[in-house]
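What you see is a predicted model, and the numbers here were worked out from it, not measured in a lab. Just so we're on the same page: letters track the sequence lines, and every chain starts at 1.
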Amino acid sequence: MKDSDFYGGASPVHPGSGMGIEVPAETNAGLNPGKRPAHFWLILVGLLVLARVFYEAAGE
Amino acid sequence: MTFEGQTTLKKIYCGSITRNTGGGVSTPLQLPRTGILARLHVLITGSVSGTLSAPNALGMASIINRCRVTAQGGQDMFNVSGPGYHYLYRPFVDVGGDPINSQSAYAAVTATTYNISMILPFQVNRRDQVGLFMLQNEQTLVTVNLDWLADASVATGATVTGTAKVYAEVFTVPASAKDWPDLSYVHQVLEDQLTVSGSGIVSYEWPRGNIYLRLLHGLGFAQSGSDGWSTFQVKRNESDVISDFQDTALADSQYGLDHFGLARKAGTFYWSGIDESGLGAYGMARDTIDSRRLTNIKSFVNATGAGTLYSLRDTLLDLKQG
């Protein structure tokens, strides 16, 4: 008896094209939204600098 | 990383199966395609009513004619009768005690409620990974199928109701395939019944192809049963006797050693390749028999009279071959 007889095709023993259902990795993503990634601050500072430059330019 | 560090065992409710009026085969219940199957709890309750006569000699356990767990609509992983399960297999579900001592499978058939629940192990014990079955696959279909004995066979004048609630214990699937457990064996538990016409030696040839963990026999067991056998031998390749019971008392002694001193049910006897290895037989496969390496292997039972010889084969099917 082949493994495909029990698993109907791709099986853990002979995956072939792979098992059929995606397995989502269990992570904590989304559970701690308070921490912001580093590039968030970079962009914020960049926008503030840009705003300052335009303010100075408008004042002249 | 190991499997144990990357998984959680969950108990999930799969649905229920209701006995049809009069008995027969119920609509199969499909198991959810989630997780790696470790074992099933099939909680079977109901009632018997009416003015009863000629109750089934096997007691309330007879209400289930066959319990099957089937893959892809035809490949049996579990196929046992109610009496075969309760009188023969139930004490072997895990470490050797009776896991379901609070129900009424051994009770005589009377007009009352009953509980003949079953625990069906796929993982061979609660520590070792062998026998786990991957359910989380789009191409795999596993169903639980119950065949309920007809009312008149439970007892004359009986009306039987029944509901089976099915729960699965499944391990979550680790995200990385290298952390998956060993899934290369299917745990197959299959039961044969052979009519014995009278006293004398009856031989049962074990079907070859699988790795035998246990061979559980019954002859004469019943709600009020007795030993329908006097001697029992297991012989490999026609000449190598590996088990020689010249006395039913040896079966009592063996059962007590394997089952914490519990008393053997009269009419039951067995060969085991794993229980002899100690508590729960965890991690030890010293005496299992790979029947692929044998010409044949047979049980020889000296029957004391007519009856039915039950042979319940607890085996592993190696998926890596073929």
Side-chain angles (χ1 to χ4, degrees), chain A, chain B residues 1 3 5-8 10 32-37 69-78 122 129 131-143 171-188 190 207-210 292 315-322:
Chain A
M1 236 178 279
K2 291 189 191 322
D3 52 336
S4 56
D5 293 331
F6 286 88
Y7 282 105
S11 79
V13 178
H14 297 105
S17 57
M19 302 296 283
I21 294 181
E22 278 290 313
V23 179
E26 289 184 2
T27 68
N28 287 327
L31 296 179
N32 290 309
K35 261 201 157 186
R36 292 189 173 79
H39 57 267
F40 171 83
W41 300 106
L42 205 62
I43 293 169
L44 185 64
V45 167
L47 286 171
L48 287 172
V49 167
L50 214 56
R52 176 75 186 190
V53 166
F54 281 119
Y55 176 76
E56 295 290 336
E60 286 171 5
Chain B
M1 293 296 185
F3 171 62
Q6 298 297 307
T7 190
T8 307
K10 296 183 176 177
R33 288 190 172 98
T34 180
I36 300 170
L37 181 64
V69 180
T70 309
Q72 307 308 108
Q75 299 295 338
D76 281 336
M77 295 195 284
F78 231 95
F122 294 85
Q129 297 170 11
L132 290 172
F133 193 84
M134 173 65 79
L135 291 178
Q136 196 157 313
N137 182 20
E138 279 176 353
Q139 295 150 320
T140 299
L141 175 69
V142 177
T143 55
F171 286 102
T172 55
V173 181
S176 171
K178 64 176 165 40
D179 295 325
W180 286 7
D182 179 10
L183 297 170
S184 57
Y185 293 95
V186 167
H187 187 197
Q188 268 195 317
L190 307 173
R208 289 180 58 244
N210 286 11
R292 294 170 295 183
T315 68
L316 294 174
L317 172 64
D318 185 352
L319 296 182
K320 297 188 297 293
Q321 66 180 4

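Remark: of the listed residues B/V142, B/L319, B/L135, B/L319 is the sole one forming a side-chain contact (heavy atoms from CB on, under 4.5 Å) with A/Y7.
Proximity to chain A (any heavy atom under 4.5 Å) is shown, for B/N210, by neither the backbone nor the side chain.
Note on ring orientation: taking the six-membered ring where Trp is involved, the planes of A/F6 and B/F133 are perpendicular (angle over 60°, cut-offs 30° and 60°).
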